[in-house]
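Worksheet for the structure shown next.
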Amino acid sequence: MVALFYHPAFLEHDTCNHPESPDRLRAILSALASHGIPESSLLRPQPVDPELLAEVHDPHYIAAVEGAARSGGGYWDLDTYISPGSYEAAILAVGAATAAVDTVMSGARSAFALVRPPGHHALRNSAMGFCIFNNVAIAAQHAVKTHGLDRVLIVDWDVHHGNGTQDYFYDRSDVLFFSTHQHPFYPGTGATTETGVGPGKGYTVNVPLLAGVGDEGYQRIFDELLVPLAQEYKPQLILISAGYDVHVADPIGGMAVTTAGFHNMARTVRQLADQTDECYGRVAAILEGGYNIEALAASVLATITGLT
């Protein structure tokens, strides 16, 4: 019911005891296996098309990441580590995100790219906040360029604001970016006044939240804000920046969402996609944050269930 994408190279992005560790994906794989979905059944992506990658990221930056990985890696900034395996993992992560788009555009109702490194902080010319390349932004650009869509909705429920995604589409109307996030919090962006510029005015919608919002609060936001916006926008595809650091057990975030809350949010997105004629039920999720590995694994399973 949900096409799942994964590649073993994601585990080779070695972050040296960083919260964004390979154990995150190992926990998800274990949880999937315990529910009858072995790793061997997951779909293997190919590396992203270099030309598509260069539409979102500066070619000099792409070369710098590849060079850093080839030379042994190190900290790009205080938060983001690049190891010898990071470049391959990053281009495969983007490849998984674009393959998820291709899959739902080809008739599948749902797909989930189980990737690392995550992506929504990555800027055009720099890594940031654990992120190297912006997986969801490139997936949306792929949907517009390759599949000819002109209304893509991105729903970002990570605890952190997806500043990189917002920046890329800030002056465009072919992608509507909707973000719920803890505020004030890293990276400091995502105020309600950030709504886009020029042709993109009104196509960025930020919902900054104080710490402690739980399942009921998020569901009200989805029901009272996201649903009416989506009904008006009539997306042809919905992408989810699926971050699980809003979970009550997460060591980094300060929100109070439970595993059931993720199921409910995913179910709401699923219903939106099904009820929008132009969308044909198409939803693709891309993994972002989430650093309590038990909560992460359970919440990914809950999301998959919600998407079905």
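Residues take their numbers from the sequence shown, with the count starting at 1.
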Do H147 and V101 touch side chain to side chain, with heavy atoms closer than 4.5 Å? yes

Find out whether L92 and Y87 are in side-chain contact, i.e. whether some heavy atom of one side chain is under 4.5 Å from a heavy atom of the other. no

Working to the nearest 0.5 Å, report the span between CG of D14 and CD1 of I82. 13.0 Å

Report yes or no: do S241 and D158 form a side-chain donor-acceptor pair below 3.5 Å? no

Ring centroid separation for Y75 and Y81, is it under 6.0 angstrom? yes

Between D245 and V159, is there a donor-acceptor pair closer than 3.5 Å when you use the side chain of the first and the backbone of the second? yes

Nearest heavy atoms of F262 and G243, plus distance in Å: CE2-O, 3.7 Å

Hey, can you tell me if F112 and Y244 have their rings parallel, tilted or perpendicular (30° and 60° cut-offs)? parallel

In Å and rounded to the nearest 0.5 Å, what is the CG to OG distance from N292 to S299? 8.5 Å

When clusters are formed by joining ILVMFWY residues with side-chain heavy atoms under 4.5 Å apart, either directly or through shared neighbours, do L43 and L32 land in the same one? no

Would you say the side-chain atoms of S41 pair up with the backbone N or O of I37, donor to acceptor, closer than 3.5 Å? no

Side-chain donor-acceptor pair present, H247, T258, cut-off under 3.5 Å: no

Interatomic distance, T259 atom OG1 to N264 atom CG [nearest 0.5 angstrom]: 11.0 Å

V227 versus T268: any side-chain heavy-atom pair under 4.5 Å? yes

Compare every heavy atom of A122 with every heavy atom of C131, then report the nearest pair and how far apart it is. CB-N, 3.7 Å

Compare every heavy atom of G72 with every heavy atom of P84, then report the nearest pair and how far apart it is. CD-O, 3.6 Å

Hey, mind stepping through V56 and Y168 against side-chain contact (heavy atoms from CB on, under 4.5 Å) and telling me if it holds? CA-CA 7 Å; V56 174; Y168 188 72; 3.7 Å; yes

So, are R220 and D223 salt-bridged, with charged N and O less than 4.0 Å apart? no

Suppose the criterion is salt bridge (Lys or Arg N to Asp or Glu O under 4.0 Å): which pairs have a residue in residues 107-128, not counting sequence neighbours? E20-R116, R109-D274

If I take atom CD from residue Q219 and atom CZ from residue R267, how far apart are they, to the nearest 0.5 angstrom? 6.5 Å

Restricting to non-hydrogen atoms, name the atom on P117 and the atom on H13 that form the minimum distance, rounded to 0.1 Å. CB-NE2, 3.6 Å

Rounded to the nearest 0.5 Å, what's the gap from CG on D250 to CD1 on I293? Could you check? 12.0 Å

Please evaluate residues V207 and L225 with respect to the criterion side-chain contact (heavy atoms from CB on, under 4.5 Å), reporting the C-alpha separation (whole Å), side-chain torsions for both, the decisive distance (0.1 Å), and the verdict. CA-CA 9 Å; V207 187; L225 292 178; 4.0 Å; yes

Between N134 and H57, do the side chains contain an N or O donor and an N or O acceptor separated by less than 3.5 Å? no

Within the 4.5 Å heavy-atom criterion, are S110 and T308 side-chain neighbours or not? no

Just by distance, no angles: are the side chains of H161 and Q166 close enough, under 3.5 Å, to form a donor-acceptor pair? yes

With rounding to the nearest 0.5 Å, note down the distance linking CZ in F222 to CG in L272. 9.0 Å

Within 6.0 angstrom of L210 CG, more than 12 heavy atoms from elsewhere: no

With sequence neighbours left out, what residues match H7 under ring pair (Phe, Tyr, Trp, His ring centres under 6.0 Å)? none

Should L229 and F169 be counted in the same cluster of Ile, Leu, Val, Met, Phe, Trp and Tyr side chains packed under 4.5 Å apart? yes

Evaluate the criterion side-chain hydrogen bond (donor to acceptor under 3.5 Å, both in side chains) for residue pair H120 and D156; output intermediate values, then yes/no. CA-CA 9 Å; H120 70 157; D156 188 332; 2.7 Å; yes

Indicate yes or no: at least one non-hydrogen side-chain atom of L153 is less than 4.5 angstrom from one of V175. no

A211 and Q182 have their tightest heavy-atom pair at CB-NE2, 3.8 Å

Test log, rule side-chain contact (heavy atoms from CB on, under 4.5 Å), inputs L296 and L287: CA-CA 10 Å; L296 170 65; L287 184 64; 4.1 Å; yes

Is the shortest heavy-atom distance from the side chain of P8 to the side chain of R44 under 4.5 Å? yes

Taking I154 as the starting point, is it possible to reach L209 by hopping between hydrophobic residues whose side chains are less than 4.5 Å apart? yes

Pairing donors with acceptors under 3.5 angstrom, does anything connect the side chains of S106 and T103? no

Taking side chain as C-beta onward, heavy atoms only, is L239 less than 4.5 Å from L237? yes

Just by modelled atom types, is the A273 backbone N or O under 3.5 Å from a matching donor or acceptor in the T276 side chain? no

Apply side-chain contact (heavy atoms from CB on, under 4.5 Å) to residues S83 and T15 and explain how you reach the verdict. CA-CA 7 Å; S83 72; T15 50; over 6 Å; no

Please determine whether the number of non-hydrogen atoms from other residues, nucleotides or ligands lying under 6.0 Å from atom CD of Q46 exceeds 12. no

Within 6.0 angstrom of E216 CD, more than 12 heavy atoms from elsewhere: no

Using distance alone, with no hydrogens and no angle criterion, decide if Q141 and E55 have a side-chain donor and acceptor under 3.5 Å apart. yes

Under 3.5 Å donor-acceptor, R151 side chain and K234 backbone: yes

Parallel, tilted or perpendicular for H121 and Y186, by the 30°/60° rule? perpendicular

Just by distance, do the side chain of S34 and the backbone of A31 share a donor-acceptor pair under 3.5 Å? yes

Common cluster, V144/L176, ILVMFWY with side-chain heavy-atom separation under 4.5 Å: yes

Does a donor on one side chain and an acceptor on the other come within less than 3.5 Å for E194 and T204? no

How far apart are the closest heavy atoms of V115 and A96, and which atoms are they? CG1-CB, 3.6 Å

Aromatic contact, W76 with Y61 (centres under 6.0 Å): yes

I286, L226: one ILVMFWY side-chain cluster at the under-4.5 Å cut-off? yes

Just so I know, are the side chains of N163 and L123 near enough to count as touching, which here means a heavy-atom distance under 4.5 Å? yes

Excluding sequence neighbours, so at least two apart, what forms ring pair (Phe, Tyr, Trp, His ring centres under 6.0 Å) with F130? H18, Y291

